[in-house]
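Every chain is numbered from 1, with letters handed out A, B, ... down the list of sequences. Just the heavy atoms: all of them, side chains too, but no hydrogens, waters or symmetry mates, feed the values below.
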Amino acid sequence: MTLGAKLRGPGWYRAALSQPISLAFSVGLVAAVRALYGYDPVLDGNAITTVALITMPIGFIVGIGCFDYWFRWASGAPTVPEDHSGHGAKTWRDYFKVNTDHKVIGIQYIVTTFIFFILGGLMAMVIRAELAQPGTQFVDPNTYNGLFSVHASLMIFLFIIPVFAGIANYVIPLMIGAPDMAFPRLNALSFWMLPTAGVMMVASFFADGGAFATGWTAYAPISTETPIGQQFFTIGVQFAGASSIATALNFLVTIITMRAPGMTFWRMPLLVWANFTTSLLVVIATPFIAGSQFFVLLDRSLGTHFFDPAAGGDVLMYQHVFWFYSHPAVYIMMLPGFGIVSEIVSTHARKPVFGYRMMAFSLVAIVILGFTVWAHHMFVSGMFDWMRVPMMITTMLIAVPTGIKIFSWLATLWKGVIHLTTPMLFALGFITMFTLGGISGIILAVIPVVIHVSDTYFIVAHIHYVLFGGSVFTIFAGLYHWFPKMTGRMYDEKLGKLHFWLSFVFFNLTFGPMHFVGVDGMPRRVADYADQFATWNAVISVSSFIFGLSFLVFLYNMITSWRQGPRAVANPWRAHSIEWQVSSPPPIFNFDEIPTVVGGPYEYGVPGAVHAVFGDKKAPVKPAPAGGGGAPPPTTE
Amino acid sequence: MGRLLRKRPALGMALLSGVSTAVGIVIVLAIDWFPVQASTASPQIDTLWDVLMIASVPVFVLVMAVALYSVFAFRAEPGDLSDGEPIHGNTRLEVIWVTIPFIMVSALAVYGWIVLDDIEAKQTDPLIVNVTGQQFAWRFDYPDEGKVKSTELVLPEDRDVEFRVNTDDVLHDFWVPEFRLKTDAVPGLTTKIRLKPSRIGEYDVVCAELCGLGHATMRSAVRVVTPEDFDAWIAKEQQSETDGGAAAAGGDEAAAGKQLFTETGCNACHTLADAESASAIGPGLDELSADAEKYGEQNDQSPEEYVKTSITEPDAFLVPDFNAGIMPADYAEQLSPEELDTLVKYLLSVSGEEKP
């Protein structure tokens, strides 16, 4: 192919070319508009950066080829509706292209998000190095504030939320017996928006005045006054958010309309339920964070006064809008993990999930309650007093559906035949650590206590118990569990167990003591602290370094096993759900013939029970129209 | 024993949980969680905390016990390919584990609400203290006590105090850990805290809401003193404020300048040996005389003009290695022209001397 053809066709050459063009367009637009208004100077660095932050990612996404098919269709050029040229991966190069195969996109998501996980983790290491003793040692306060802000933003927006989307992308269509997601090209677009958001956030360190340094919460009015680095967050979040919303819509449509015959809602594996409910949360809540950041963007760039009280703005409005997304976001980061743990506990303990329907109902209850608690992040914010007690009550009520889940997993373990594989260990680690995070969550609902501990290290401890001991443990569990399916090879069980024990022990030594220093009066988000907290902080820092190193065991295991691990059989865990009934890795269109679902997904111990059959024309269940009423609910009780 | 427990797993579990719960409760109550109790709200909140801890331990122990017990009792032998019993659920159990947590959290919520009502109860004849946060210092004034202004928070023991909290710029949070209470300082709002100091001693006001570069070092001293000492302090402050004005008019400009330097909060960010400040958020001022000459020349300003402009328009000229937008830009409003002159003279007079 000639260079000219490469630059015209979709791919990295055209994506690279798009960058100078987008930048030139931004410079031109800013210069033209400013000249028109008679502003001096005509070229303003901040204005150009702001416009370029919008045009360059869009240029990249167009250049790499996410819109080619749609442009052709919109311009009336001939298109091939069943064009599968961009589907599936034959070589490693295909993972670097716009690909419509949900399995390829799943891997793209997982690998990309882990790169940002490593970056965010390295930032955490620098943070802990700085905090190892009081005073300022390695970084100045501005860099420090930038480090914890970018750390949190990467972990939330570029790791936990999208890595779950990646795992689900790979597994959900297989689990429900679908050949792909409902909108494969939208799926590809969702993925390619993600790295642009992440690169933007990391690149903010090179901005004039340093990275955004207002925390991942970016509270106004400080976020409307800090240097240009803030803009990288404000706009980056829009791309990450758009990616999440598009994926969530895709999941909803896929789960509603593309289930295999016989797959009624009450026969769906709980991971499918979890992604269904998560997607509802994403679609309803994510536009709110987009809104909050647009307000900041407009205040910063166009001189509006949303958060300027002198001009009639309202500072607390930011927090209400922000938390109306960001509290449900906690469940966006947790419900998929609940689903993964249900799959793993049931399969590796060889027992049906205890109280399957209550498990599904509790997910729905969490979705509904999750929208009624946002102001518990604002108990000391100065908002109206009357709102606090109702929010305390709803927050504490969430303990009930969450409790149902924990107790049901425990009851699933009870009298099972427990195989302590690596995924099972991580699932058990999750159940115990998440219980601690849940308990500190209850404590954080009780207003008089919150008035003391809010904005302290107690909060830092709580969120890491929920998001690391909770979400990230389930991510590790899920990756080990589906590793054979995704790669066709087995991981090293010994290294997996070593990874678990190192993580589990040093996770607790890192984040456990933060409860103590927090209650004792150490505020969060500080580069320097009083000498009385020095001992605990030294312990925390040393533990955190070993905790960080434990990740290398995981990385080594994943890379070497993927390259030369022993071949995996189709169903190494003897699981019942459909993804294990096809080869590892699955065929390019998942199923040579679409399965028919004839029973529940977890009928372990029931003689002769199967979840789905292939090609059995005499299947006992009448095929259900996808999305329709389906067969009558099966008797799983 | 081992065989018995394997036969009657529930019994083993109950034993294990009971013992661990007792041990766990002893441990959580033995831990010294909080700083000293210096307000009447502190003991109430600490007791609430203890109750929460006591309620939490059995829940955590139960989860741990079932998980650990299952792992030991129901672990598969190598090569065991059998399945567990196909138990799909148990309605009675599920009703129990919906009901008990519901009752527990409801009771805790009611208790929390009662404590909240108590610590925020209306007060009789409180001492009003206006608290103002700015990047990166606190100011306090006592409107009913002769409008005394201070950068140190002095409070009488055993008297109701109402703090009215404001901010000059971004969000801050007024928190004294020993009092247990905090509230954000919100642009455009006045937030309130009511409390009664109950212990004589020295504490810190800690800023608990990220407010920028100097957030970690935004601290002020708090002294709780006897009512008599408090009255004496108020009288002395009133006196020195009259004196300060007189001194400025009469000639003791150094004292007045130093007072302005700390009261305006300059010391929160700038190093100045004479005023015993050592913060490095903004440029150090110990060499200011020389710097003002050098940078003033670059900008065609006299040293005095340079220092004055640097205070009123901090971004007009940036000292190398420091960024725009960090220093508050409203000192022209905060300080009168006379005060500004006093401050400039003071800064130039104390920054030129040879260091010993």
What part of A:L413 gets closer than 4.5 Å to chain B, counting heavy atoms only: side chain, backbone, both or neither?
both
Measuring heavy-atom distances to chain B, does A:S362 have an atom under 4.5 Å in its side chain, in its backbone, in both, or in neither?
neither
Non-hydrogen atoms of chain B under 4.5 Å away: do they reach the side chain of A:I404, the backbone, both or neither?
both
Is the side chain of B:K182 donor-acceptor paired with the backbone N or O of A:S454 at a distance under 3.5 Å, no angle test?
yes
Cut-off 4.5 Å, heavy atoms of chain A, and the answer for B:L181 is both
Bottom line for A:F434: the part with an atom under 4.5 Å from chain B's heavy atoms is neither
Heavy-atom proximity to chain B below 4.5 Å, by part of A:I439
side chain
Could you check which of B:G112, B:P78, B:P86, B:G214 has the highest count of heavy-atom pairs closer than 4.5 Å to chain A?
B:P86
Applying a strict 4.5 Å limit to non-hydrogen atoms, the region of B:L93 in contact with chain A is side chain
At a heavy-atom distance under 4.5 Å, which candidate from B:G188, B:S70, B:P101 has the highest pair count against chain A?
B:S70
If I measure from the heavy atoms of chain B, does A:V517 come under 4.5 Å with its side chain, its backbone, both, or neither?
neither
Output for pair (B:M64 CE, A:L436 CG), nearest 0.5 Å, gives 8.0 Å
B:T191 versus chain A, heavy atoms under 4.5 Å apart: side chain, backbone, both or neither?
side chain
Between B:V186 and chain A, with a heavy-atom cut-off of 4.5 Å, which part of the residue counts as in contact: side chain, backbone, both or neither?
side chain
Side chain, backbone, both or neither: which part of A:L428 has a heavy atom under 4.5 Å from chain B?
side chain
Carboxylate-amine/guanidinium proximity below 4.0 Å for A:R388 and B:E120:
yes
Applying a strict 4.5 Å limit to non-hydrogen atoms, the region of B:D32 in contact with chain A is neither
Can you pull out the residues in residues 50-57 of chain B with any heavy atom less than 4.5 Å from chain A?
B:L52, B:M53, B:S56
Which class fits the ring pair B:W33 and A:F516: parallel under 30°, tilted 30 to 60°, perpendicular over 60°?
tilted
Option that, when pairs with chain A are counted at under 4.5 Å, heavy atom only, ranks first among B:S82, B:A67, B:A41:
B:S82
Is chain A contacted by the side chain of B:E178, its backbone, both, or neither, given a heavy-atom distance below 4.5 Å?
neither
Pick whichever of B:V71, B:V59, B:V176, B:I100 has the most heavy-atom pairs under 4.5 Å with chain A.
B:V71
Against chain A, label B:T183 side chain, backbone, both or neither, depending on which of its atoms sit under 4.5 Å from a heavy atom there.
both
Part of A:A220 lying under 4.5 Å from any heavy atom of chain B
backbone
For A:V606, is it the side chain, the backbone, both or neither that has a heavy atom under 4.5 Å from a heavy atom of chain B?
both
Any sub-3.5 Å donor-acceptor pair from A:R574's side-chain atoms to B:L81's backbone N or O?
yes
Just so I understand: if I count every heavy-atom pair under 4.5 Å between each of B:T99, B:D46, B:I45, B:I193 and chain A, which residue has the most?
B:I45
I'd like to know if the side chain of A:N145 reaches the main chain of B:G212, judged simply by a donor and an acceptor atom lying under 3.5 Å from each other, with no hydrogens or angles considered.
yes
Counting only heavy atoms closer than 4.5 Å, note whether A:P141 contacts chain B via side chain, backbone, both or neither.
both
Residue part contacting chain A, namely of B:V206, when any heavy atom lies under 4.5 Å
side chain
Quick one: OG1 on A:T456 to CH2 on B:W175, what's the gap to the nearest 0.5 Å?
5.5 Å
Using non-hydrogen atoms only, which part of B:I119 is less than 4.5 Å away from chain A: side chain, backbone, both, or neither?
side chain
For each of B:V165, B:D80, B:L189, B:L62, tally heavy-atom pairs with chain A at distances under 4.5 Å, and name the one with the top tally.
B:D80
Considering only heavy atoms, which portion of A:R524 lies under 4.5 Å from any heavy atom of chain B: side chain, backbone, both, or neither?
backbone
Residue B:L68 versus chain A: region with a heavy atom under 4.5 Å:
neither
At a heavy-atom separation under 4.5 Å, does B:W97 approach chain A through its side chain, its backbone, both, or neither?
both
For chain B, which of A:W409, A:Y602, A:F407, A:Y529 has the most heavy-atom pairs under 4.5 Å?
A:F407
